[in-house]
**Q** 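Submitted below is the structure of interest, expressed as structure tokens.
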Amino acid sequence: QVQLVESGGGLVQAGGSLRLSCAASTRTFGGYTMAWFRQAPGKERESVATISGGGRTTTYDDSVKGRFTISRDNAKNTLYLQMNSLKPEDTGVYYCAARWFSRDVYDSWGQGTQVTVSS
């Protein structure tokens, strides 16, 4: 498992932008597939975006395509989520998660960072 720490959450008005960061403590960051999950009030946790170890392959939930961009800087052991054109429905706690590339379960999780989008 990897220690993960998110940062960058906050309060923003609809239409605004926010950039989340996730710092990982591991010597083999490039071997981990990373993801951002979020949990809205009263809702189940859902996957927002994923990125392969080398950053070449990404996936997005349909609700954020064209608005969010997941990226990583392996030299800095950091994962990012650039969120643009934010909507009130994007509100929730955002979590960084990691899994070793050969595994099928995300078993490392950050503490979460709150994102609130006002209307």
**Q** For residues Y80 and R19, determine if any side-chain heavy atom of one lies less than 4.5 Å from a side-chain heavy atom of the other.
**A**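 Contact flag for Y80/R19 side chains = yes.
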**Q** Run the numbers on L18 and M83 for side-chain contact (heavy atoms from CB on, under 4.5 Å), then give the verdict.
**A** CA-CA 5 Å; L18 217 52; M83 305 185 291; 3.7 Å; yes
**Q** What residues form a side-chain hydrogen bond (donor to acceptor under 3.5 Å, both in side chains) with D107, not counting sequence neighbours?
**A**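 For D107 the side-chain hydrogen bond (donor to acceptor under 3.5 Å, both in side chains) partners, ignoring immediate neighbours, are R103.
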**Q** Atom OG of S25 and atom CG of N77: how far apart are they, to the nearest 0.5 Å?
**A**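 Atom-to-atom, S25:OG and N77:CG are 8.0 Å apart.
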**Q** Do other residues, nucleotides or ligands put more than 12 heavy atoms under 6.0 Å from Q3 CD?
**A**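 Open.
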**Q** Could you report the tightest heavy-atom contact between T69 and Y60, atom names first, then the distance?
**A**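 Scanning both residues, the minimum pair turns out to be CA-OH, 3.4 Å.
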**Q** Could you walk me through whether D73 and T78 pass the side chain to side chain donor-acceptor pair (under 3.5 Å) test, one step at a time?
**A** CA-CA 5 Å; D73 186 336; T78 304; over 6 Å; no
**Q** Can you check side-chain contact (heavy atoms from CB on, under 4.5 Å) on R72 and F29, steps first, answer last?
**A** CA-CA 10 Å; R72 65 193 295 161; F29 187 55; 3.5 Å; yes
**Q** I need the L79 CG to S71 OG distance, nearest 0.5 Å.
**A**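 Here the rounded value is 7.0 Å.
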**Q** Looking only at heavy atoms, which two atoms of M34 and C22 are closest? And how far apart?
**A**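 Scanning both residues, the minimum pair turns out to be CE-SG, 4.5 Å.
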**Q** What I want to find out is whether D90 reaches K87 closely enough, with some N-O distance under 4.0 Å, to be called a salt bridge.
**A**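 Looking at D90 and K87, the cut-off is not met.
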**Q** Do T28 and F101 come within less than 4.5 Å of each other through their side chains, counting heavy atoms only?
**A**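 A side-chain contact under 4.5 Å is absent here.
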**Q** Please name all residues satisfying ring-ring contact (aromatic ring centres under 6.0 Å, His included) with Y32, sequence neighbours left out, ordered by chain then number.
**A**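 In terms of ring-ring contact (aromatic ring centres under 6.0 Å, His included), with neighbours along the sequence ignored, Y32 is linked to W100.
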**Q** Show me the pairs that pass disulfide bond (SG atoms under 2.5 Å apart) and involve residues 58-88, at least two apart or across chains.
**A**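 For residues 58-88, and leaving out neighbouring residues, there are no disulfide bond (SG atoms under 2.5 Å apart) pairs at all.
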**Q** Counting only heavy atoms from other residues, nucleotides and ligands, does the tally under 6.0 Å from CD of Q111 exceed 12?
**A**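 It does: Q111 CD has more than 12 such atoms within range.
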**Q** When you check the side-chain N and O atoms of Q114 and T116, is any donor under 3.5 Å from an acceptor?
**A**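 Their side chains do contain a donor-acceptor pair, which is all the 3.5 Å distance test asks for.
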**Q** N84 and Q82: side-chain contact (heavy atoms from CB on, under 4.5 Å), yes or no, with the steps?
**A** CA-CA 7 Å; N84 298 325; Q82 178 65 48; 3.0 Å; yes
**Q** If you link ILVMFWY side chains whenever their heavy atoms are less than 4.5 Å apart, which other residues fall into the same cluster as F37? By chain and number, please.
**A**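 Answer for F37: V93, Y95, Y106, W109.
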**Q** Can you name the nearest heavy-atom pair linking A24 to V2, along with the distance?
**A**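 Result for this residue pair: CB-CG1, 4.0 Å.
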**Q** Minimum heavy-atom separation for I70 to A35, with atom names?
**A**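 In this case the closest contact between I70 and A35 is CD1-CA, 4.5 Å.
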**Q** With sequence neighbours left out, what residues match S63 under side-chain hydrogen bond (donor to acceptor under 3.5 Å, both in side chains)?
**A**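 Counting only residues at least two positions away or on another chain, S63 forms a side-chain hydrogen bond (donor to acceptor under 3.5 Å, both in side chains) with R38, D61.
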**Q** Go through the steps for T50 and T59 under the test side chain to side chain donor-acceptor pair (under 3.5 Å), then give the verdict.
**A** CA-CA 5 Å; T50 68; T59 69; 2.4 Å; yes
**Q** Among all residues two or more places apart in sequence or in another chain, which pass the side-chain contact (heavy atoms from CB on, under 4.5 Å) test with T113?
**A**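 With neighbours one apart ignored, the set is E6, L20, Y94.
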**Q** Where do T33 and S52 come nearest, in terms of heavy atoms and distance?
**A**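 Shortest heavy-atom separation between T33 and S52 comes out as OG1-CA, 4.4 Å.
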**Q** Would you say the side-chain atoms of R67 pair up with the backbone N or O of S85, donor to acceptor, closer than 3.5 Å?
**A**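 Confirmed, R67 side chain pairs with S85 backbone.
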